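FYI, the numbering just counts along the sequence from 1. As the structure is a prediction and not an experimental result, all values here were calculated from the model.
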Amino acid sequence: MKTAVEELSPTRVKLTVEVPFDELRPSLDAAYKKVAQQVRVPGFRPGKVPARIIEQRFGRAVVLEETLNDAVPKLYSQAVDEVDVFPVSQPDIEVTKIEDGDQIEFTAEVDIRPNFDVPDYAGLEVTVDSAEVSDADIDTQLDALRQRFATLTGVERAATKTDYVVMDLRAEIDGNNIEEQQANEVSYEVGAGSVLQGLDDALEGMSAGDEKSFKTELVGGENAGEEADVIITVKSVKEKVLPELDDEFAQLASEFDTLDELKDSIREQARRNKLVDQVVQAREKALEALLGQIDIPIPDSALKAEVDARKHNNEHQIAESGLSKDAFYRLYQTTEEERLAEFDTNSAKAIKTGFVLDKIVKAEELGVSEQELTNFVVRRAMQMGVQPNQLAQHLADNDQLTLAMVEIVRDKAKTVIGDAAKVVDTEGNEVDLKAIYTEINGEEVTEEAAEADSEE
């Protein structure tokens, strides 16, 4: 087989592949067997029709077509490997010559990862946050812990922000009650920011037994997007009471006997989290610095595929939320126009990042061990709240194990870049990433491990 490469643009090539007919023999034999199974010839059992009878009755062209259908995709993959190009789209293949018994020729136009060199990333200077733990950090953690153990106490007054109300809700359009837009005994924190615009404003100042209506746009159901009158009936008002910060609280909220011991534990965990954050920041910022030094043209097909995938995922999220499109974007404090603009920008960046990391993976000869793949599946399963074997089966059934391995080796490439950087914190102190690895369980800190550690 002989392959010629013509560069059509920095991101697209045309391969011209010439193949001696002898190399088609396995596919030709398979084609005869397949056709023999499909045709019915008197006097012969299915699958037992001789090749010469097939050609006499149905023509050589039928067999050649089946041969090429089987052989060309394999020959294309072989040609890609031989000429060392990295396709990022499905090829446009055209068989241009068939000389039966002699050779065939086909062309394949395909978008590719453009050629580029990765600059030296040793010594990239990056600045990360300080790992120093302040009293304010401890207070923030303690406050979050107190919120978890807060109690609700009924009050005989009007509701204000941070109070909880128990209420009944119903909606009317032109005086007609919308059955699916009603709920009873709903507990809600005033000021939490409901997607139902106007709810928080309406609730402030209401007391138990009060009823009030306000106009708003419905956010879900068959009438999503329509203006309606929403009627609130407040059943009760409760205020949140936080526990006192004392030894008794420490015993309630932790395994410690005293508040000082609890604070010391929180301080140590906060310091650990900040060290992990330094590692993640170093890798991300070193990668950003490296990307800033490289100009890479992005193949149109790859960009379109990435943007389309993000749009599809976004539409799925909206459908799953049960909200109207406007309400969904309000929930995330953005607009559809802003979200679509983000897709364009982030998609281009994601593709460029993948190109660079894949180059480093190849240059550093990074791979994935079976144990690393197992660890990845276990961590991801924990995040998703499913059983690891269930997730592993899903990945295998949907041909996604390769994508998982790509994610793992790209994470390794980020580690390579971060480890090669010169890292200082905002106070000007040098940050030794390897010393952090040693301190934190003596292991390398992957981004997923960092997430898991910060959640403890």
Side-chain angles (χ1 to χ4, degrees), residues 121-150 242-243 245-247 249-292 349 353 357 372 375-376 378-380 382-384 407-408 410-456:
Y121 41 82
L124 287 171
E125 296 184 5
V126 297
T127 302
V128 299
D129 294 338
S130 171
E132 182 179 346
V133 180
S134 67
D135 291 340
D137 293 326
I138 306 303
D139 291 341
T140 298
Q141 293 295 320
L142 281 173
D143 185 62
L145 194 57
R146 291 174 73 202
Q147 294 287 343
R148 288 170 53 187
F149 287 87
L242 301 180
L245 272 178
D246 52 23
D247 292 347
F249 170 70
Q251 295 164 17
L252 171 68
S254 71
E255 70 273 25
F256 301 106
D257 293 327
T258 68
L259 182 61
D260 287 341
E261 289 175 330
L262 175 58
K263 286 183 177 181
D264 288 342
S265 174
I266 291 175
R267 184 178 296 276
E268 177 56 29
Q269 185 60 51
R271 190 182 73 85
R272 178 189 176 96
N273 290 344
K274 284 176 177 280
L275 290 175
V276 172
D277 286 343
Q278 284 187 324
V279 174
V280 175
Q281 286 181 37
R283 293 174 183 175
E284 292 297 333
K285 291 188 175 184
L287 176 59
E288 286 286 341
L290 181 61
L291 292 174
K349 181 180 179 181
T353 300
L357 292 177
E372 287 170 333
N375 292 343
F376 173 89
V378 170
R379 286 195 300 268
R380 187 57 56 86
M382 288 177 61
Q383 292 171 350
M384 298 172 63
E407 189 171 339
I408 294 169
R410 285 181 175 178
D411 187 50
K412 285 186 173 184
K414 285 185 184 180
T415 300
V416 170
I417 300 169
D419 287 353
K422 179 180 178 181
V423 187
V424 296
D425 66 17
T426 50
E427 305 299 321
N429 302 308
E430 184 177 346
V431 177
D432 186 345
L433 299 185
K434 290 184 173 56
I436 295 177
Y437 299 157
T438 301
E439 179 171 347
I440 301 176
N441 300 327
E443 300 175 354
E444 286 195 1
V445 183
T446 65
E447 287 190 39
E448 291 199 358
E451 289 179 15
D453 192 81
S454 63
E455 291 171 359
E456 290 180 2

Nearest heavy-atom pair of [X] and [Y]: which atoms, and what distance?
| X | Y | result |
| --- | --- | --- |
| F149 | P243 | O-CD, 3.8 Å |
| A282 | V423 | CB-CG2, 4.0 Å |
| A131 | Q278 | N-NE2, 3.4 Å |

Taking the side chain as every heavy atom from C-beta outward, state whether [X] and [Y] have any pair of such atoms under 4.5 Å apart.
| X | Y | answer |
| --- | --- | --- |
| T127 | T426 | yes |
| L259 | D246 | no |
| K412 | E372 | yes |
| I266 | V133 | no |
| R410 | E407 | no |
| L262 | F249 | yes |
| I417 | R283 | no |
| E288 | K349 | yes |

Worksheet entry | Sole residue of V279, V128, L275 in side chain to side chain contact (heavy atoms under 4.5 Å, CB included) with V431 |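 Of the listed residues V279, V128, L275, the side chain to side chain contact (heavy atoms under 4.5 Å, CB included) partner of V431 is V128.
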
Worksheet entry | Flag, side chain of D137 to backbone of S134, donor-acceptor distance under 3.5 Å |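 Checked: pair present.
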
Practice prompt. Determine yes or no for a side-chain-to-main-chain donor-acceptor pair under 3.5 angstrom, with D425 supplying the side chain and D129 the backbone.
Written response: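 A pair under 3.5 Å: no.
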
Supply the atom-to-atom distance [X] [atom1] to [Y] [atom2], rounded to the nearest 0.5 angstrom.
| X | Y | atom1 | atom2 | answer |
| --- | --- | --- | --- | --- |
| L290 | L124 | CG | CG | 6.0 Å |
| T258 | D264 | OG1 | CG | 7.5 Å |
| Q141 | L145 | CD | CG | 8.5 Å |
| D419 | Y437 | CG | OH | 3.5 Å |
| E132 | K274 | CD | NZ | 8.5 Å |

Fill in: Within 6.0 Å of CD in Q147, more than 12 heavy atoms from elsewhere
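It does: Q147 CD has more than 12 such atoms within range.
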
Discussion item. Is it the case that over 12 heavy atoms from other parts of the model lie below 6.0 angstrom from the NZ atom of K263?
Written reply: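 No, the 6.0 Å shell around NZ holds no more than 12 heavy atoms from other groups.
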
Item to complete: In sequence, state the C-alpha distance, the side-chain angles, and the governing distance for L433 and T415, and then conclude on side-chain contact (heavy atoms from CB on, under 4.5 Å).
Response: CA-CA 10 Å; L433 299 185; T415 300; over 6 Å; no

Fill in: Ion pair R271/E268, N-O distance below 4.0 Å
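Yes, charged N to carboxylate O under 4.0 Å.
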
Worksheet item: Should K422 and E430 count as an ion pair when the cut-off is N to O under 4.0 Å?
Response: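 No, this pair does not count.
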
Fill in: Audit row: Q251, D247, side-chain hydrogen bond (donor to acceptor under 3.5 Å, both in side chains) steps and yes/no
CA-CA 6 Å; Q251 295 164 17; D247 292 347; 5.8 Å; no

